[in-house]
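Each remark here refers to the structure printed beneath this line.
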Amino acid sequence: TDVGHLESEDVGEGEDKIAKKARQEQLEPMEVVQKYMNTFHRNVRELNSLDPDIEPRATGHILEQQEYISRLLDTGIAYESNGSVYFDLDKYNEKYEYGILSGRILEDLVSNTRTLEGQDEKHNVYDFALWKKATPGHIMKWPSPWSVGYPGWHLECSVMSAKYLGEPFDIHGGGMDLIFPHHECEIAQSTAALNKQPVKYWVHNNMITINGQKMARSLGNFITLDELWTGEHELLGKPYEPMTIRFFILQAHYRSTLDFSNEALQGAEKGFNRLMDAIDTLGTVKASAKSTIDVDDLFNKCYEAMNDDLNTPVMISHLFDGVRMINSVADGKEKINDTDLEKLQKLYQAMAFDVLGLKKPEEDRVDTELTGKLIDAILDIRQEAKNVNDYTTADLIRKKLTDLGITIKDTKRGARWEI
RNA sequence: GGUCGGUUGGCCGAGUGGUUAGGCGCUGGUCUGCAAAACCGGUUACGGCGGUUCAAAUCCGCCACCGACCUCCA
(Lines give C-alpha, C1' and ligand atoms only; values in the text may rest on other atoms or scores of the structure.)
Protein backbone atom coordinates (compact mmCIF):
# COMPACT_ATOMS: atom_id res chain seq x y z
CA THR A 1 0.00 0.00 0.00
CA ASP A 2 1.60 3.20 -1.10
CA VAL A 3 -1.42 5.44 -1.36
CA GLY A 4 -4.62 6.03 0.54
CA HIS A 5 -3.16 5.31 3.97
CA LEU A 6 -4.72 8.15 5.93
CA GLU A 7 -4.01 9.24 9.45
CA SER A 8 -7.11 10.08 11.42
CA GLU A 9 -5.64 11.00 14.78
CA ASP A 10 -4.54 14.39 13.55
CA VAL A 11 -6.69 17.38 14.13
CA GLY A 12 -8.65 18.27 11.05
CA GLU A 13 -8.68 16.14 7.94
CA GLY A 14 -6.67 12.96 7.75
CA GLU A 15 -3.45 13.21 5.79
CA ASP A 16 -1.95 10.53 3.62
CA LYS A 17 0.82 8.88 5.63
CA ILE A 18 3.18 8.67 2.70
CA ALA A 19 2.55 12.31 1.78
CA LYS A 20 3.07 13.42 5.37
CA LYS A 21 6.38 11.60 5.66
CA ALA A 22 7.46 12.98 2.31
CA ARG A 23 6.78 16.51 3.50
CA GLN A 24 8.60 15.97 6.79
CA GLU A 25 11.67 14.42 5.18
CA GLN A 26 11.45 16.59 2.05
CA LEU A 27 11.33 13.60 -0.28
CA GLU A 28 9.18 12.57 -3.18
CA PRO A 29 6.41 10.23 -2.00
CA MET A 30 7.88 7.42 -4.09
CA GLU A 31 11.25 7.93 -2.41
CA VAL A 32 9.62 7.42 0.96
CA VAL A 33 7.98 4.24 -0.25
CA GLN A 34 11.25 2.95 -1.69
CA LYS A 35 13.24 3.75 1.44
CA TYR A 36 11.01 1.68 3.70
CA MET A 37 10.59 -1.09 1.17
CA ASN A 38 14.36 -1.45 0.98
CA THR A 39 14.70 -1.75 4.75
CA PHE A 40 11.80 -4.17 4.89
CA HIS A 41 13.27 -6.42 2.22
CA ARG A 42 16.64 -6.50 3.91
CA ASN A 43 15.12 -7.43 7.28
CA VAL A 44 12.93 -10.12 5.79
CA ARG A 45 15.92 -11.69 4.03
CA GLU A 46 17.91 -11.54 7.26
CA LEU A 47 15.12 -13.54 8.86
CA ASN A 48 15.55 -16.10 6.07
CA SER A 49 12.02 -15.66 4.79
CA LEU A 50 11.36 -16.45 1.14
CA ASP A 51 11.01 -13.60 -1.32
CA PRO A 52 7.49 -13.09 -2.64
CA ASP A 53 6.83 -14.04 -6.26
CA ILE A 54 5.11 -10.73 -6.85
CA GLU A 55 4.74 -7.56 -4.80
CA PRO A 56 2.13 -5.38 -6.48
CA ARG A 57 1.77 -1.75 -5.41
CA ALA A 58 -1.43 0.20 -5.14
CA THR A 59 -0.18 3.14 -7.22
CA GLY A 60 0.56 0.75 -10.08
CA HIS A 61 -3.05 -0.41 -10.16
CA ILE A 62 -5.10 2.76 -10.27
CA LEU A 63 -6.79 1.76 -13.54
CA GLU A 64 -7.71 -1.68 -12.25
CA GLN A 65 -9.15 -0.11 -9.13
CA GLN A 66 -11.24 2.29 -11.19
CA GLU A 67 -12.55 -0.61 -13.27
CA TYR A 68 -13.44 -2.43 -10.07
CA ILE A 69 -15.33 0.61 -8.82
CA SER A 70 -17.27 0.72 -12.10
CA ARG A 71 -18.24 -2.91 -11.61
CA LEU A 72 -19.50 -2.13 -8.14
CA LEU A 73 -21.43 0.91 -9.38
CA ASP A 74 -23.07 -1.34 -12.01
CA THR A 75 -24.31 -3.67 -9.30
CA GLY A 76 -26.04 -0.76 -7.61
CA ILE A 77 -24.29 -1.45 -4.31
CA ALA A 78 -21.86 1.44 -4.76
CA TYR A 79 -22.96 5.04 -5.20
CA GLU A 80 -21.35 8.34 -6.15
CA SER A 81 -21.63 11.34 -3.91
CA ASN A 82 -19.95 14.68 -4.49
CA GLY A 83 -17.12 13.17 -6.54
CA SER A 84 -16.48 10.33 -4.13
CA VAL A 85 -17.75 6.78 -4.39
CA TYR A 86 -18.98 4.81 -1.39
CA PHE A 87 -20.03 1.25 -0.71
CA ASP A 88 -23.62 0.90 0.50
CA LEU A 89 -23.59 -1.66 3.28
CA ASP A 90 -27.37 -1.66 3.74
CA LYS A 91 -27.85 -2.68 0.12
CA TYR A 92 -25.10 -5.24 0.42
CA ASN A 93 -26.69 -6.67 3.51
CA GLU A 94 -30.00 -7.18 1.73
CA LYS A 95 -28.42 -9.67 -0.63
CA TYR A 96 -25.40 -10.92 1.34
CA GLU A 97 -24.36 -10.95 4.97
CA TYR A 98 -21.96 -8.35 6.31
CA GLY A 99 -19.82 -9.26 9.31
CA ILE A 100 -19.30 -12.98 8.75
CA LEU A 101 -15.60 -12.83 9.55
CA SER A 102 -15.65 -10.60 12.61
CA GLY A 103 -19.07 -11.44 13.98
CA ARG A 104 -20.21 -7.83 13.88
CA ILE A 105 -23.83 -6.91 13.34
CA LEU A 106 -24.52 -3.91 11.14
CA GLU A 107 -27.01 -2.23 13.48
CA ASP A 108 -24.50 -2.30 16.32
CA LEU A 109 -22.08 -0.32 14.22
CA VAL A 110 -24.29 2.74 13.96
CA SER A 111 -24.01 3.88 17.54
CA ASN A 112 -20.36 2.86 17.79
CA THR A 113 -19.07 4.79 14.81
CA ARG A 114 -16.73 7.67 15.33
CA THR A 115 -17.64 11.10 14.00
CA LEU A 116 -15.56 11.77 10.93
CA GLU A 117 -15.26 14.24 8.09
CA GLY A 118 -17.48 13.72 5.07
CA GLN A 119 -20.08 11.68 6.89
CA ASP A 120 -22.86 13.69 5.33
CA GLU A 121 -21.87 12.44 1.86
CA LYS A 122 -22.71 8.91 2.86
CA HIS A 123 -26.04 7.11 3.04
CA ASN A 124 -24.98 5.60 6.34
CA VAL A 125 -22.14 6.23 8.76
CA TYR A 126 -20.82 2.72 8.22
CA ASP A 127 -20.52 3.00 4.43
CA PHE A 128 -16.89 3.03 3.34
CA ALA A 129 -15.04 4.82 0.57
CA LEU A 130 -14.07 3.30 -2.76
CA TRP A 131 -12.88 6.56 -4.31
CA LYS A 132 -12.17 9.85 -2.57
CA LYS A 133 -12.22 13.24 -4.25
CA ALA A 134 -8.91 14.98 -3.56
CA THR A 135 -8.92 18.05 -1.39
CA PRO A 136 -6.76 21.03 -2.36
CA GLY A 137 -3.12 20.34 -1.57
CA HIS A 138 -3.43 16.59 -1.74
CA ILE A 139 -0.22 15.33 -3.39
CA MET A 140 -1.09 11.93 -4.83
CA LYS A 141 -4.17 12.04 -7.04
CA TRP A 142 -5.41 10.67 -10.34
CA PRO A 143 -8.14 11.59 -12.82
CA SER A 144 -11.24 9.41 -12.81
CA PRO A 145 -14.82 9.47 -14.09
CA TRP A 146 -15.93 10.78 -10.71
CA SER A 147 -13.26 13.29 -9.69
CA VAL A 148 -9.56 13.90 -9.48
CA GLY A 149 -8.86 11.83 -6.43
CA TYR A 150 -7.43 8.66 -5.02
CA PRO A 151 -8.62 5.11 -4.35
CA GLY A 152 -10.29 4.20 -1.07
CA TRP A 153 -8.65 2.16 1.53
CA HIS A 154 -9.78 -1.45 1.26
CA LEU A 155 -10.03 -1.49 -2.50
CA GLU A 156 -6.47 -2.19 -3.57
CA CYS A 157 -6.32 -5.50 -1.67
CA SER A 158 -9.42 -6.86 -3.35
CA VAL A 159 -8.29 -5.65 -6.77
CA MET A 160 -4.70 -6.86 -6.68
CA SER A 161 -5.39 -10.20 -5.01
CA ALA A 162 -8.08 -10.98 -7.58
CA LYS A 163 -5.78 -9.97 -10.42
CA TYR A 164 -2.77 -12.02 -9.35
CA LEU A 165 -4.20 -14.84 -7.25
CA GLY A 166 -7.53 -15.53 -8.90
CA GLU A 167 -11.22 -15.47 -8.10
CA PRO A 168 -11.42 -16.95 -5.55
CA PHE A 169 -7.98 -17.59 -4.13
CA ASP A 170 -7.00 -20.01 -1.40
CA ILE A 171 -5.40 -18.28 1.57
CA HIS A 172 -5.53 -14.68 2.78
CA GLY A 173 -3.18 -13.84 5.64
CA GLY A 174 -2.81 -10.84 7.88
CA GLY A 175 -2.71 -9.62 11.44
CA MET A 176 -5.69 -10.09 13.72
CA ASP A 177 -6.00 -6.34 14.02
CA LEU A 178 -7.01 -6.23 10.35
CA ILE A 179 -10.07 -8.46 10.66
CA PHE A 180 -12.36 -5.51 11.22
CA PRO A 181 -12.99 -3.45 9.28
CA HIS A 182 -10.38 -4.13 6.61
CA HIS A 183 -10.86 -7.80 5.82
CA GLU A 184 -14.58 -7.56 6.41
CA CYS A 185 -14.78 -4.80 3.80
CA GLU A 186 -12.61 -6.76 1.39
CA ILE A 187 -15.09 -9.60 1.64
CA ALA A 188 -18.00 -7.22 1.04
CA GLN A 189 -16.40 -5.56 -2.00
CA SER A 190 -15.28 -8.78 -3.59
CA THR A 191 -18.47 -10.66 -2.87
CA ALA A 192 -20.50 -7.86 -4.41
CA ALA A 193 -18.24 -7.68 -7.47
CA LEU A 194 -17.78 -11.41 -7.99
CA ASN A 195 -21.04 -12.68 -6.52
CA LYS A 196 -19.02 -15.25 -4.52
CA GLN A 197 -16.64 -15.41 -1.58
CA PRO A 198 -13.20 -14.17 -2.66
CA VAL A 199 -11.14 -16.25 -0.20
CA LYS A 200 -11.28 -19.87 0.90
CA TYR A 201 -9.25 -19.60 4.12
CA TRP A 202 -8.41 -16.63 6.31
CA VAL A 203 -5.23 -16.98 8.41
CA HIS A 204 -4.68 -14.34 11.07
CA ASN A 205 -1.61 -14.04 13.25
CA ASN A 206 -1.63 -12.46 16.69
CA MET A 207 0.26 -9.46 18.04
CA ILE A 208 3.50 -9.26 19.99
CA THR A 209 4.03 -7.70 23.41
CA ILE A 210 7.11 -6.55 25.31
CA ASN A 211 7.37 -7.44 28.96
CA GLY A 212 3.64 -8.10 28.90
CA GLN A 213 2.79 -4.75 27.36
CA LYS A 214 1.74 -4.26 23.77
CA MET A 215 4.44 -3.07 21.42
CA ALA A 216 3.64 0.47 20.41
CA ARG A 217 5.52 3.59 19.51
CA SER A 218 3.32 5.60 21.82
CA LEU A 219 4.40 3.45 24.76
CA GLY A 220 8.07 3.74 23.87
CA ASN A 221 8.62 0.00 23.89
CA PHE A 222 9.03 -0.42 20.18
CA ILE A 223 11.96 -2.55 19.02
CA THR A 224 13.01 -2.67 15.38
CA LEU A 225 14.64 -5.71 13.87
CA ASP A 226 17.85 -3.75 13.34
CA GLU A 227 17.89 -2.96 17.07
CA LEU A 228 17.57 -6.66 17.84
CA TRP A 229 20.55 -7.40 15.59
CA THR A 230 22.70 -4.74 17.28
CA GLY A 231 21.33 -5.04 20.81
CA GLU A 232 21.02 -1.26 20.93
CA HIS A 233 17.82 -0.96 22.93
CA GLU A 234 17.36 -0.37 26.63
CA LEU A 235 15.23 -3.50 27.03
CA LEU A 236 17.86 -5.73 25.43
CA GLY A 237 20.91 -7.08 27.23
CA LYS A 238 22.76 -8.11 24.10
CA PRO A 239 22.46 -8.46 20.33
CA TYR A 240 20.47 -11.38 18.90
CA GLU A 241 21.00 -13.30 15.67
CA PRO A 242 18.12 -13.23 13.19
CA MET A 243 17.78 -17.01 13.49
CA THR A 244 17.37 -16.68 17.26
CA ILE A 245 14.46 -14.33 16.66
CA ARG A 246 12.95 -16.61 14.05
CA PHE A 247 13.24 -19.60 16.37
CA PHE A 248 11.81 -17.58 19.25
CA ILE A 249 8.77 -16.60 17.20
CA LEU A 250 8.21 -20.19 16.05
CA GLN A 251 8.23 -21.42 19.65
CA ALA A 252 4.84 -19.74 20.03
CA HIS A 253 1.76 -20.55 17.98
CA TYR A 254 0.99 -17.96 15.31
CA ARG A 255 -2.47 -17.29 16.75
CA SER A 256 -1.14 -16.55 20.25
CA THR A 257 0.34 -13.32 21.43
CA LEU A 258 4.09 -13.54 21.93
CA ASP A 259 5.91 -11.72 24.68
CA PHE A 260 9.35 -10.30 23.92
CA SER A 261 11.73 -9.90 26.83
CA ASN A 262 15.48 -10.14 27.18
CA GLU A 263 15.10 -13.18 29.41
CA ALA A 264 12.85 -14.99 26.95
CA LEU A 265 15.20 -14.21 24.06
CA GLN A 266 18.17 -15.56 25.96
CA GLY A 267 16.26 -18.76 26.59
CA ALA A 268 15.45 -19.05 22.90
CA GLU A 269 19.07 -18.44 21.96
CA LYS A 270 20.32 -21.29 24.16
CA GLY A 271 17.63 -23.63 22.93
CA PHE A 272 18.30 -22.79 19.29
CA ASN A 273 22.03 -23.39 19.69
CA ARG A 274 21.38 -26.72 21.35
CA LEU A 275 19.14 -27.76 18.47
CA MET A 276 21.74 -26.73 15.88
CA ASP A 277 24.54 -28.48 17.80
CA ALA A 278 22.51 -31.68 17.82
CA ILE A 279 21.93 -31.43 14.06
CA ASP A 280 25.70 -31.07 13.60
CA THR A 281 26.17 -34.13 15.79
CA LEU A 282 23.59 -36.00 13.72
CA GLY A 283 25.89 -35.64 10.73
CA THR A 284 28.73 -37.42 12.52
CA VAL A 285 27.08 -40.30 14.41
CA LYS A 286 27.83 -43.84 13.26
CA ALA A 287 25.16 -46.39 12.49
CA SER A 288 24.84 -49.69 14.32
CA ALA A 289 23.18 -52.95 13.36
CA LYS A 290 20.05 -52.23 15.36
CA SER A 291 18.08 -49.20 16.53
CA THR A 292 17.07 -48.69 20.13
CA ILE A 293 15.17 -45.50 19.33
CA ASP A 294 11.85 -45.05 17.53
CA VAL A 295 12.47 -42.72 14.61
CA ASP A 296 9.15 -43.43 12.90
CA ASP A 297 7.24 -42.30 15.97
CA LEU A 298 9.15 -39.03 16.03
CA PHE A 299 8.56 -38.59 12.32
CA ASN A 300 4.80 -39.05 12.69
CA LYS A 301 4.54 -36.73 15.68
CA CYS A 302 6.27 -33.93 13.79
CA TYR A 303 3.86 -34.22 10.86
CA GLU A 304 0.85 -34.44 13.16
CA ALA A 305 1.87 -31.22 14.88
CA MET A 306 2.27 -29.33 11.62
CA ASN A 307 -1.01 -30.72 10.31
CA ASP A 308 -2.71 -29.33 13.42
CA ASP A 309 -2.96 -25.71 12.24
CA LEU A 310 0.81 -25.34 11.91
CA ASN A 311 1.53 -26.05 15.56
CA THR A 312 5.21 -25.16 15.41
CA PRO A 313 5.78 -25.08 19.20
CA VAL A 314 4.62 -28.67 19.54
CA MET A 315 6.67 -29.72 16.52
CA ILE A 316 9.74 -28.06 18.04
CA SER A 317 9.12 -29.89 21.31
CA HIS A 318 9.33 -33.15 19.33
CA LEU A 319 12.55 -31.99 17.72
CA PHE A 320 13.98 -31.55 21.21
CA ASP A 321 12.92 -35.08 22.10
CA GLY A 322 14.95 -36.05 19.07
CA VAL A 323 17.89 -33.98 20.31
CA ARG A 324 18.04 -36.20 23.36
CA MET A 325 18.03 -39.26 21.10
CA ILE A 326 20.80 -37.90 18.90
CA ASN A 327 23.00 -37.01 21.86
CA SER A 328 22.40 -40.37 23.47
CA VAL A 329 23.42 -42.14 20.29
CA ALA A 330 26.54 -39.97 20.08
CA ASP A 331 27.29 -40.89 23.68
CA GLY A 332 26.89 -44.58 22.90
CA LYS A 333 23.92 -44.96 25.22
CA GLU A 334 21.49 -45.59 22.38
CA LYS A 335 21.94 -47.16 18.97
CA ILE A 336 20.63 -46.38 15.51
CA ASN A 337 20.73 -48.40 12.27
CA ASP A 338 21.48 -47.19 8.75
CA THR A 339 17.89 -46.78 7.68
CA ASP A 340 16.83 -44.91 10.78
CA LEU A 341 19.87 -42.67 10.67
CA GLU A 342 19.11 -41.60 7.14
CA LYS A 343 15.46 -41.09 8.06
CA LEU A 344 16.38 -38.99 11.06
CA GLN A 345 18.77 -36.83 9.05
CA LYS A 346 16.09 -36.23 6.42
CA LEU A 347 13.55 -35.44 9.11
CA TYR A 348 15.69 -32.70 10.63
CA GLN A 349 16.50 -31.29 7.21
CA ALA A 350 12.80 -31.20 6.37
CA MET A 351 11.49 -29.84 9.67
CA ALA A 352 14.21 -27.52 10.93
CA PHE A 353 15.39 -26.07 7.63
CA ASP A 354 12.71 -26.55 4.99
CA VAL A 355 9.58 -26.15 7.12
CA LEU A 356 10.67 -23.83 9.91
CA GLY A 357 13.05 -21.99 7.61
CA LEU A 358 15.86 -21.98 10.13
CA LYS A 359 19.44 -21.99 8.97
CA LYS A 360 22.67 -22.76 10.71
CA PRO A 361 24.58 -19.84 12.16
CA GLU A 362 27.20 -18.32 9.94
CA GLU A 363 30.07 -20.73 9.53
CA ASP A 364 32.83 -20.30 12.04
CA ARG A 365 34.76 -17.26 11.09
CA VAL A 366 37.82 -19.12 9.95
CA ASP A 367 39.74 -16.78 7.68
CA THR A 368 41.38 -19.52 5.72
CA GLU A 369 41.65 -23.23 5.61
CA LEU A 370 45.08 -22.74 7.14
CA THR A 371 43.58 -21.25 10.30
CA GLY A 372 41.56 -24.38 10.87
CA LYS A 373 44.61 -26.55 10.32
CA LEU A 374 46.59 -24.44 12.78
CA ILE A 375 43.96 -24.90 15.47
CA ASP A 376 43.91 -28.63 14.81
CA ALA A 377 47.70 -28.69 15.10
CA ILE A 378 47.64 -26.81 18.39
CA LEU A 379 45.06 -29.22 19.75
CA ASP A 380 47.26 -32.13 18.69
CA ILE A 381 50.05 -30.65 20.81
CA ARG A 382 47.62 -30.27 23.69
CA GLN A 383 46.64 -33.92 23.36
CA GLU A 384 50.32 -34.88 23.49
CA ALA A 385 50.66 -32.92 26.72
CA LYS A 386 47.60 -34.64 28.16
CA ASN A 387 49.01 -38.00 27.17
CA VAL A 388 51.97 -37.42 29.50
CA ASN A 389 49.74 -35.90 32.23
CA ASP A 390 51.15 -32.42 31.62
CA TYR A 391 47.87 -30.73 32.45
CA THR A 392 49.54 -27.41 33.14
CA THR A 393 50.51 -27.14 29.50
CA ALA A 394 47.20 -28.55 28.31
CA ASP A 395 45.22 -26.03 30.32
CA LEU A 396 47.50 -23.19 29.25
CA ILE A 397 46.83 -24.04 25.60
CA ARG A 398 43.10 -24.18 26.29
CA LYS A 399 43.23 -20.84 28.07
CA LYS A 400 45.17 -19.17 25.26
CA LEU A 401 42.67 -20.45 22.70
CA THR A 402 39.73 -19.46 24.89
CA ASP A 403 41.15 -15.95 25.14
CA LEU A 404 41.11 -15.85 21.34
CA GLY A 405 37.44 -16.79 21.37
CA ILE A 406 37.94 -20.45 20.51
CA THR A 407 35.91 -22.81 22.68
CA ILE A 408 37.30 -26.30 23.31
CA LYS A 409 35.08 -29.26 24.08
CA ASP A 410 36.73 -32.55 25.00
CA THR A 411 34.45 -35.30 23.75
CA LYS A 412 34.94 -39.03 23.68
CA ARG A 413 35.91 -38.68 20.04
CA GLY A 414 38.63 -36.15 20.77
CA ALA A 415 38.70 -32.40 21.20
CA ARG A 416 36.27 -30.30 19.18
CA TRP A 417 36.48 -26.57 18.75
CA GLU A 418 34.40 -23.67 17.59
CA ILE A 419 35.00 -19.98 17.24
C1' G B 1 -19.91 1.32 26.42
C1' G B 2 -20.00 -2.86 22.42
C1' U B 3 -17.72 -7.35 19.90
C1' C B 4 -13.99 -10.96 20.32
C1' G B 5 -9.80 -13.23 22.66
C1' G B 6 -6.58 -14.09 26.76
C1' U B 7 -4.94 -14.96 32.32
C1' U B 8 -0.51 -21.87 32.83
C1' G B 9 5.27 -23.34 37.43
C1' G B 10 11.40 -18.35 38.39
C1' C B 11 11.01 -16.83 32.60
C1' C B 12 8.94 -18.13 27.64
C1' G B 13 5.22 -21.30 25.98
C1' A B 14 1.95 -25.97 24.24
C1' G B 15 -2.44 -28.20 25.80
C1' U B 16 -10.79 -27.98 24.50
C1' G B 17 -12.47 -33.99 30.51
C1' G B 18 -8.70 -38.77 32.96
C1' U B 19 -2.13 -39.69 30.29
C1' U B 20 5.49 -36.19 31.73
C1' A B 21 4.30 -30.90 26.39
C1' G B 22 8.89 -28.56 25.24
C1' G B 23 12.76 -24.78 25.85
C1' C B 24 15.48 -21.60 29.35
C1' G B 25 16.77 -21.16 34.57
C1' C B 26 17.71 -23.57 39.20
C1' U B 27 19.21 -28.17 41.48
C1' G B 28 21.15 -33.55 42.50
C1' G B 29 23.93 -37.20 39.84
C1' U B 30 26.86 -39.81 35.65
C1' C B 31 30.99 -39.04 32.49
C1' U B 32 35.65 -36.21 32.59
C1' G B 33 42.66 -34.96 35.09
C1' C B 34 39.88 -30.26 35.60
C1' A B 35 36.48 -27.23 32.87
C1' A B 36 32.91 -27.14 29.10
C1' A B 37 29.62 -30.16 26.47
C1' A B 38 26.52 -34.34 26.72
C1' C B 39 23.34 -37.72 29.35
C1' C B 40 19.96 -39.27 33.64
C1' G B 41 16.83 -37.41 37.74
C1' G B 42 14.36 -33.37 40.60
C1' U B 43 11.78 -28.58 40.26
C1' U B 44 4.34 -31.00 38.39
C1' A B 45 1.59 -24.96 37.48
C1' C B 46 -3.05 -23.79 35.48
C1' G B 47 -6.36 -15.49 37.85
C1' G B 48 -10.49 -15.63 42.00
C1' C B 49 -15.23 -17.69 43.70
C1' G B 50 -19.12 -21.02 42.73
C1' G B 51 -21.32 -25.04 39.64
C1' U B 52 -21.66 -29.63 36.28
C1' U B 53 -19.05 -34.52 36.39
C1' C B 54 -16.75 -40.67 38.99
C1' A B 55 -13.00 -37.15 37.07
C1' A B 56 -11.81 -29.95 34.95
C1' A B 57 -6.13 -26.16 33.28
C1' U B 58 -9.82 -28.09 29.84
C1' C B 59 -17.36 -27.49 30.23
C1' C B 60 -21.00 -23.57 32.62
C1' G B 61 -21.91 -18.90 35.65
C1' C B 62 -20.19 -14.57 38.15
C1' C B 63 -15.99 -11.38 39.37
C1' A B 64 -10.99 -9.28 38.61
C1' C B 65 -7.15 -8.08 35.39
C1' C B 66 -4.80 -7.87 30.32
C1' G B 67 -5.18 -7.37 24.99
C1' A B 68 -7.17 -6.55 19.83
C1' C B 69 -10.95 -4.24 17.22
C1' C B 70 -15.26 -0.73 17.11
C1' U B 71 -15.41 2.37 9.15
C1' C B 72 -12.03 6.67 5.73
C1' C B 73 -5.06 3.62 9.35
C1' A B 74 -4.76 -0.58 5.94
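Order of the sequence lines fixes the chain letters, A, B, ..., with proteins taken first and strands second; residue numbering starts at 1 for each chain. Every heavy atom of this structure was used, including side-chain atoms; hydrogens, water molecules and symmetry mates were not.
- The listed nucleotides are G23(B), C70(B), G33(B); the one nearest the side chain of F180(A) is C70(B).
- With respect to D280(A), the salt bridge (Lys or Arg N to Asp or Glu O under 4.0 Å) criterion is satisfied by exactly one of R274(A), K409(A), K360(A): K360(A).
- Geometrically, K301(A) does not engage Y303(A) in a cation-pi contact defined by less than 6.0 Å to the ring centre and at most 45° from the axis.
- In this structure, R398(A) atom CZ and C34(B) atom P are separated by 11 Å, rounded to whole Å.
- Between G13(B), U71(B), C34(B), one nucleotide has an atom nearer to the side chain of D395(A) than all others, and that is C34(B).
- In this structure a side-chain-to-backbone donor-acceptor pair under 3.5 Å is missing from S256(A) to A252(A).
- When the nucleotides C11(B), G13(B), U71(B) are ranked by their closest atom to the side chain of K122(A), U71(B) comes out on top.
- The A264(A) side chain lies nearest to C11(B) when the options are G25(B), C11(B), G22(B).
- Among the atoms of the strands shown, base atoms are found under 4.0 Å from some heavy atom of I408(A).
- Side-chain polar atoms of H154(A) and H183(A) form no donor-acceptor pair below 3.5 angstrom.
- For the C1' atoms, the distance from U3(B) to G41(B) is 49 Å, rounded to whole Å.
- Taking atom C1' on both G61(B) and U53(B), the two are 16 Å apart, rounded to the nearest angstrom.
- Backbone-only contact: R274(A) has heavy atoms under 4.0 Å from sugar-phosphate atoms and none from a base.
- Counted by atom type alone, W131(A) and S144(A) present one or more donor-acceptor pairs between their side chains at under 3.5 Å.
- Of the C1' atoms belonging to C60(B) and A56(B), the separation is 11 Å, rounded to the nearest Å.
- Nucleotides G25(B) and C12(B) have their C1' atoms positioned 11 Å apart, rounded to a whole Å.
- The residue H253(A) sits close only to the backbone: its heavy atoms come under 4.0 Å of sugar-phosphate atoms, none of a base.
- A distance of 9.0 Å separates CD of Q65(A) from OG1 of T59(A), quoted to the nearest 0.5 Å.
- Between the NE2 atom of H318(A) and the P atom of G22(B) there is a distance of 10 Å, rounded to whole Å.
- Of the residues near RNA chain B, L178(A) and S102(A), the one whose nearest nucleotide (by heavy atom distance) lies more toward the 5' end is S102(A).
- Regarding I249(A), its CD1 atom lies at a distance of 12 Å from the P atom of G13(B), rounded to whole Å.
- Counting any heavy atom pair closer than 4.0 Å across all strands shown, F320(A) reaches sugar-phosphate atoms only and no base atom.
- Among the protein residues, Y98(A) comes within range of the nucleic acid bases, having at least one heavy atom under 4.0 Å from a base atom.
- Counting only heavy atoms from C-beta on, D331(A) has its side chain closest to A38(B) among A38(B), C12(B), U71(B).
- Among the heavy atoms of the strands lying under 4.0 Å from F248(A) are primed sugar atoms or P, OP1, OP2 only; no base atom is included.
- Proximity note for P313(A) (side chain, C-beta onward) versus A21(B), C12(B), U71(B): the nearest is A21(B).
- Proximity of N327(A) to the phosphate of A37(B): no side-chain N or O atom is located under 4.0 Å from OP1 or OP2.
- A distance of about 14 Å separates the C1' atoms of G9(B) and G23(B), rounded to the whole Å.
- For the pair R324(A) and U20(B), the criterion of a side-chain N or O lying under 4.0 Å from OP1 or OP2 is not met.
- Note: H123(A) and F87(A) fail the aromatic proximity criterion, with ring centroids not under 6.0 Å apart.
- For R57(A), the salt bridge (charged side-chain N to carboxylate O under 4.0 Å, His left out) partners at least two apart in sequence or on another chain are D2(A).
- Of the listed nucleotides (C12(B), A21(B), U71(B)), A21(B) has the atom at the smallest distance from the side chain of V314(A).
- Look at CG on N311(A): it is 7 Å from C1' on A14(B), rounded to the nearest Å.
- For the pair L250(A) CG and A21(B) P, the interatomic distance rounds to 23 Å; values are reported in whole Å.
- In the interface, the side chain of D410(A) is paired with the base of C34(B) through a donor and an acceptor atom under 3.5 Å apart.
- For the C1' atoms, the distance linking G10(B) with U27(B) amounts to 13 Å, nearest Å.
- Residue K409(A) has no polar side-chain atom (N or O) positioned under 4.0 Å from OP1 or OP2 of A38(B).
- One finds the CE atom of M243(A) at 9.0 Å from the CG atom of L250(A) (value rounded to the nearest 0.5 Å).
- The shortest distance between the side-chain N/O atoms of N389(A) and the OP1/OP2 oxygens of G33(B) is not below 4.0 Å.
- Among the atoms of the strands shown, none is found under 4.0 Å from any heavy atom of N206(A).
- If you take NE2 of H123(A) and P of U71(B), they are 20 Å apart, rounded to a whole angstrom.
- At least one side-chain heavy atom of T191(A) sits less than 4.5 Å from a side-chain heavy atom of Y96(A).
- Taking atom C1' in both U8(B) and G22(B), the straight-line distance is 14 Å, to the nearest Å.
- Using a 4.0 Å cut-off, no side-chain N or O of R104(A) falls inside it from OP1 or OP2 of C69(B).
- A distance of about 35 Å separates the P atoms of G28(B) and C49(B), rounded to the whole Å.
- With rounding to whole Å, E186(A) atom CD is found 16 Å from C73(B) atom P.
- Residue S256(A) has no polar side-chain atom (N or O) positioned under 4.0 Å from OP1 or OP2 of G6(B).
- Note: F248(A) and Y240(A) fail the aromatic proximity criterion, with ring centroids not under 6.0 Å apart.
- Scanning RNA chain B for stems, defined as runs of 3 or more consecutive Watson-Crick or G-U wobble pairs whose donor-acceptor distances all fall under 3.5 Å, gives the following ranges: B:1-7 with B:64-70, B:10-12 with B:22-24, B:25-30 with B:38-43, B:47-51 with B:59-63.
- We find that CD of E184(A) is positioned 12 Å from C1' of U3(B), with the value rounded to whole Å.
- Along RNA chain B, the nucleotide closest to M207(A) and the one closest to F260(A) are compared, and the more 5′ of them pairs with F260(A).
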